[in-house]
Amino acid sequence: MLSKAYEPQEVEAHWRKHWEENRTFTPDMSAPGDPYSIVIPPPNVTGILHIGHALNQTLQDILCRHARQKGKKVLWIPGTDHAGISTQNVVERALAKEGKTRHDLGREAFIERVWQWKKEYGARILEQIKELGASVDWTREAFTMNDDLARAVRKVFVQLYKEGLIYKGKYIVNWCPRCHTALADDEVDHIDSKGTLWHVRYDFADGSGSVTIATTRPETILGDTAVCVHPEDERYAGLVGKKLIVPIVNREVPLIADRYVDREFGTGCLKVTPCHDPNDWNLGHTHGLEFIQVIDDNGNMCLDPVCGRYAGMSREECRKAIVEDLRESGQLVAEEPLAHSVGCCYRCKTVIEPYVSTQWFVATSKLAPAARAVVPDEIRIYPESWVKTYYNWLDNIRDWCISRQIWWGHRIPAWTCPECGELIVSEEDPVSCPKCGCTNLEQDPDVLDTWFSSALWPFSTMGWPENTEELKTFYPTNVLVTAFDILFFWVARMIMMGQHFMGEVPFREVYIHALVRDAQGRKMSKSLGNGINPLDMIHKYGADALRFTLAAFAAMGRDIRMSEERIEGYRHFVNKIWNASRFALMNLPEDREPVSVDLGTVKGLYHRWILNRLEEVKAEEDAALESYRFNDAAQCVYKFLWNEFCDWYLELIKADMREEGRGREEAQFVLYTVLKEILLLLHPMIPFVTAEVWSALPGHAGSDIATQLYPPVREECRKPGDSDDMVFLQETISAIRTIRAELDIKPSCRLSVVLRPASEEQAALLERGRGFFELARLEKLTIDAAAHAPKASASNVVRGCEVIVLLDGAVDFQAELARLDKEIGKVDKDLAALSGKLSNAGFLNHAPAELVESEKARQADLLDKKAKMLTLQARFKEALA
RNA sequence: GGGCGGUUAGCUCAGAUGGUAGAGUAUCGGUCUUACACACCGACUGCCGGGGGUUCAAGUCCCUCACCGCCCACCA
């Protein structure tokens, strides 16, 4: 027998182990069924599971489990990402504690150290994914630095190089002086900050006056090689072409003109430092300027003589010193505060330095048009609102800098010959220079951007470049589930690579889910310490409760504000499932399935009702999941189980269960059927408790719900008419309960009730449902249209049927009067709205006839109700008089 | 500077294709009615951000304003 309250820990551990040992989620390649596949967005090996992962994986798991139920052959590939910069940082920090740097170890030893670290901690995040219950195929676990993925990376690199889609060149790139590496444009975070705009006077060389430039970076003055204005700026008309003297360094530079300059900003006059600003870099090239580097790769002023006394200072120190010097020399004309955004390293938040260096690039600008064209016809993005963002990014894309000056990552497969300078790009390590035969080749020291290997993930994890069974069966994958923050880093690049190398998009659909925020709406982050740790939640409330909460709040296109109370709330739901199941098990045969009965012809109205509702819910959930409306799926089953199955159905069959006979057999079989199917409906969202209960069902020992199919449609159980009859009976019972509660009559006090049905049919229906009124705790029930209404009675009207509760002297008569007034007031309010509608010719002429009819019926019903209630009220008053 | 999203019950949020405003939680009242107090029965709460428009009908579609939040962008 199941314990009284659900205790998740043991149950979850048991099923996790069961599924892993039985390889339940490793697809049988020879099995029939359409393939369905997802690749997991690989979390960083350095990472620990945060709530965003939990959401991401829960949603994928729901889709996978549901697909299995629909008879599909499902492959969900797990794995991790080597996360170049961030992993290197983590290991470097560990080294720093030992007082060492990676340079003390040397490249090889350092990489060895990272692998060691990965071995030790890399499994941690995977363990955490297991705790969530993710039904991934653990036999196919992948890692972006594995040998087979490395082979894919090399092949892709070499081919793109040969096609001219990868090139090497000297450009100005985003440089993190702390991580000591180049970064891609999208790895730069722009953080708003308060800066200063300094206005500095530059004098003409011929002594004929001056211009004033505005800059936020005076330290780069040392590298100025021009001053630029807009060609049509009248303030500077006739001055273009003259020479100016750069302050501090006294360099003579030209005043040039370019339409790039914004006349409105600052003084409309711009100093040009081609080596230290991407725009100035462009100006430098179009105007043939001199390129002078003044800041080094550590963010310090170059030791080169050009920096003079500032050499060796940090950027910040130099800025201060130069401002002071300019102030002294009188060339600082003005300074004003300026709010602007500063580029920062997305990993360490250090201010980015634009830096000229030799890097490798992917010509994404050439790959972008094809990637753009497949949306929305070949790839559908949900919610659709992200399509625009996707287009916008691709339309403005610039080539992707893929080389990183770090050690941890896929080393670039390029070698240079020290003898003749030949550049060799090759899948296999070359032994000698094909041009001069030199054997002393040097491999490029850089590694690839982490996202380069991630971009291949959908096919590299399936064994590409081999033409594997997996690829043949499961590529392209069905859907990619991710948060929007990596739409660009990852999704767009996967599409490009998939198209280029597989000749086919990597997935058919993209589902962009919410970002999980804290209760104040802030992004959860380690630094804020506001994260809800999913593991804590799992340990406290169970994985099922966490998962269901995430699913229930995963409304499309909105962020989720997560708080612990919600998880606690849904823990109650999991417990409810447990207890409803316990009740069922107590009332079912212990060792065998109940005798089956024909569900299409069961007699009890409540059976017909619950079976009909079950059909509706099955269809509803299926439709919701098919269109990624996880919250709708969660909510419809939630309500069905709690408010219909538990609150009404289980209560109603208690009477049947008391004695043996046909009634009990019917009830047992319907109960058994409905419970089983509810478990199936819930299983994708709530895998553990459903698995446990399933295996406890009679005749189900050893059966695993995870391998069961979605419950089939039972057309013969669709009986909306019976269902509505049942609802009428429920409304009648509720009316009695409301009277009891509002008049403060103890539940233990059994009531006498008179029902005066509005029609023969209603009378028959009430008679048929007579037994249900036990739920209102009655002593005597009279069903008779002609029955006399005793004067001392409380009343209400349900669908024309008068509900009259006999009162003895103990009740508060004033309370009943007030209650009647309130009730009549409600009716009046509805009537007012309705009659307005129905007296509107527009409504009568334009609205669908069906609607007009039903509104008229409602009006008639309400008028009838009001009349009856007024009569009852008058009678009641008489009794008081 | 572009683009996107939000504004619904005290709180946190649902409300696909326009047709009587919902859930959890909180609050109030009652109940050990033998599956569940992680429960049950009932009650209460809403000019659906402001204004305008389309429509017989708008929380839902259009315009506009306000305030929040996010994303993108080479404002020196």
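Every chain is numbered from 1, with letters handed out A, B, ... down the list of sequences. The analysis underlying the following values was restricted to heavy atoms, covering all of them including side chains, and did not include hydrogens, waters or symmetry mates.
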Can you tell me, in whole Å, how much space there is between the [atom1] of [N] and that of [M]?
N	M	atom1	value
B/G5	B/C62	P	10 Å
B/U7	B/C47	P	16 Å
B/G6	B/U17	P	12 Å
B/A16	B/C74	C1'	41 Å
B/U54	B/C61	C1'	8 Å
B/C63	B/U27	C1'	41 Å
B/G19	B/C36	P	42 Å
B/U20	B/G53	C1'	25 Å

Should we say atom CZ of A/Arg263 is surrounded by more than 12 heavy atoms from elsewhere, each under 6.0 Å from it? yes
Could you check which nucleotide pairs with [N] in any of the strands shown, counting Watson-Crick or G-U wobble with both distances under 3.5 Å?
N	value
B/G1	B/C72
B/A21	none
B/A39	B/U31
B/U55	none
B/C48	none
B/A9	none

Is the shortest side-chain N to carboxylate O distance from [X] to [Y] below 4.0 Å?
X	Y	value
A/Glu853	A/Arg858	no
A/Glu568	A/Lys540	no
A/Arg799	A/Asp724	yes

Using the side-chain heavy atoms of [X], tell me which of these nucleotides is nearest: [options].
X	options	value
A/Lys822	B/G19, B/C44, B/A76	B/C44
A/Ala5	B/C38, B/G42, B/G30	B/C38
A/Asn575	B/C36, B/U31, B/G29	B/C36
A/Asn631	B/A76, B/A23, B/A14	B/A14
A/Tyr638	B/G24, B/U25, B/C36	B/G24
A/Lys388	B/C71, B/G19, B/C4	B/C4
A/Ala580	B/G29, B/A35, B/C72	B/A35
A/Cys646	B/C75, B/A43, B/A35	B/A35
A/His846	B/C56, B/C70, B/C36	B/C56
A/Arg629	B/A76, B/A16, B/A14	B/A16

[N] [atom2] sits how many Å from [X] [atom1], rounded?
X	N	atom1	atom2	answer
A/Glu384	B/G5	CD	C1'	15 Å
A/Glu823	B/G42	CD	P	14 Å
A/Ile512	B/G3	CD1	P	20 Å
A/Leu838	B/G19	CG	P	18 Å
A/Ile567	B/G24	CD1	P	18 Å
A/Leu652	B/A35	CG	P	14 Å
A/His572	B/A23	NE2	C1'	14 Å
A/Asp395	B/A73	CG	P	13 Å

Need one value for [X]: base, sugar-phosphate or nothing, where a base atom within 4.0 Å counts as base even if backbone is also close, heavy atoms only.
X	answer
A/Pro848	base
A/Pro747	sugar-phosphate
A/Val261	base
A/Thr389	nothing
A/Thr273	nothing
A/Asp262	base
A/Asp647	sugar-phosphate
A/Arg858	base
A/Gly195	nothing
A/Ile213	nothing

Quick check: any donor-acceptor pair below 3.5 Å linking the side-chain of A/Glu651 to the base of B/A35? yes
N or O in side chain of [X] less than 4.0 angstrom from [N] OP1/OP2:
X	N	value
A/Lys746	B/U31	yes
A/Ser341	B/A73	no
A/Asn643	B/A23	no
A/Lys576	B/A39	no
A/Arg737	B/G42	yes
A/Trp642	B/A39	no

Calculate, to the nearest 0.5 Å, the distance between atoms OG1 and CD belonging to A/Thr216 and A/Glu335 respectively. 13.0 Å
What's the spacing between A/Trp578 CH2 and A/Glu692 CD if we round to 0.5 Å? 5.0 Å
Out of A/Val333, A/Leu332, A/Thr267, A/Val211, which residue meets the side chain to side chain contact (heavy atoms under 4.5 Å, CB included) rule with A/Arg201? A/Val333
Mind telling me whether [Y] and [X] have parallel, tilted or perpendicular rings, with 30° and 60° as the class edges?
X	Y	result
A/Tyr628	A/Tyr511	parallel
A/Tyr570	A/Tyr638	perpendicular
A/Trp386	A/Phe484	parallel

Walking RNA chain B from its 5' end, the first of A/Thr738 and A/Gly842 to be reached, judged by nearest nucleotide, is A/Thr738
Would you classify B/A66 as syn or anti? Syn applies when the glycosidic angle is within 90° of 0. anti
